Amino acid sequence: MAGGTIIRTRFAPSPTGLLHLGHAYAALVAAREADTGQFLLRIEDIDRDRCRPEYEAAIQDDLVWLGLDWQQPIMRQSDRMEAYRAALKQLAPFSYPCRCRRGDIRVALAAPQEGALPAGPDGLIYPGTCRGRPLSDAGPGDVIRLDAERAFAALTLDRIGFRDQAIMPGHDHILTREQFLDGIGDVILSRRGMGTSYHLAVVVDDTAQKVTTVTRGKDLFDSTYIHVLLQKLLKLPTPRYHHHRLIRDDSGKRLAKRDDARAIRHYRDDGATPQDIHRMLGF
Ligand code: GLU
């Protein structure tokens, strides 16, 4: 309990592969953080091309095997398109359709100078080619982007920030408006053919699930600036954040879902017990 509020945390896997050690760690951190509160599960399956129901079933089975148990119902992002549509509508004054493909963006960015292209937590920093196009002009192949400059102006903000329970606790992590515009830029709110983006869905769903503490890997730390900006635009509360360490392999590389050797399934097949996994992850 914190300030009389029940702690609610969530584990939000995308069912694009088997549960591996990195996911198991994220799930165990979220469950531990919930303590006597509530631990929720959210299936992030907006990318219909990459998500598979059999992976979702395998993930749930591994989580149960690890001793985890979550509050019902499970939220599934593929059931939530109506909520994303409503949020996009609310963001209409700060958004525009964009028809640029990755190649167009690369060309526009590379034009002035050679070298590495500027990228942030949402990929390449969009050079603004389509900014100002009206939403009524949106074609079926377009993405919808946030006009970040207009968003900051509407909120009359010159900085955005949040606190993290684990990374310099008690200290505000801040980006100025200029740092946001230069280092993150006009992020995608709705991807081609998906009706939302990760950033929009996560913000809408954390509120819908009444999540009080978002626990997730440090790889998403910079995305949190985007989420806080969207929460302000949508007038949603900002939860507490705890970005945890990433589980790396012996060579220091972050585990990706493709690293099947680290899949919990394989440890199970080799005779590991749930306690072995807990121990390996430092629990
Ligand atoms: N679905 C994301 C992932 O698989 C997690 C998103 C989050 O925790 O905010 O990495």
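As the structure lists them, so they are numbered: ligands from 1, and atoms in each ligand from 1. Predicted, not measured: the structure shown is a model, and the values here were computed from it.
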Task: N or O pair under 3.5 Å between S14 and ligand 1 - done: yes
Open item on the list: I want to check something: taking the side chain as every heavy atom from C-beta on, are I43 and Q77 in contact at a cut-off of under 4.5 Å?
Closed with: no
For ligand 1, which atoms, with element, lie under 4.0 Å from some heavy atom of [X]?
X	answer
R216	7 (C), 8 (O), 9 (O)
R10	7 (C), 8 (O), 9 (O)
E44	1 (N), 2 (C), 5 (C), 6 (C)
V202	9 (O)
Y198	6 (C), 7 (C), 9 (O)

Open item on the list: For D269, I'd like to know if atom CG has over 12 heavy atoms of other residues, nucleotides or ligands within 6.0 Å.
Closed with: yes
TODO: Could you state whether I174 and I160 fall into the same hydrophobic cluster, counting links through intermediate Ile, Leu, Val, Met, Phe, Trp or Tyr residues with side-chain heavy atoms under 4.5 angstrom apart?
DONE: no
Open item on the list: Would F11 count as a contact residue for ligand 1, given that I'm defining contact as a non-hydrogen atom of the residue lying under 4.0 Å from a ligand atom?
Closed with: no
- [ ] Compute the minimum heavy-atom distance from H23 to ligand 1 and say whether it is under 4.0 Å.
- [x] no
May I ask you to say whether [X] pairs ionically with [Y], meaning some side-chain N is under 4.0 Å from a carboxylate O?
X	Y	result
E44	R42	yes
E56	R76	yes
D142	R133	yes

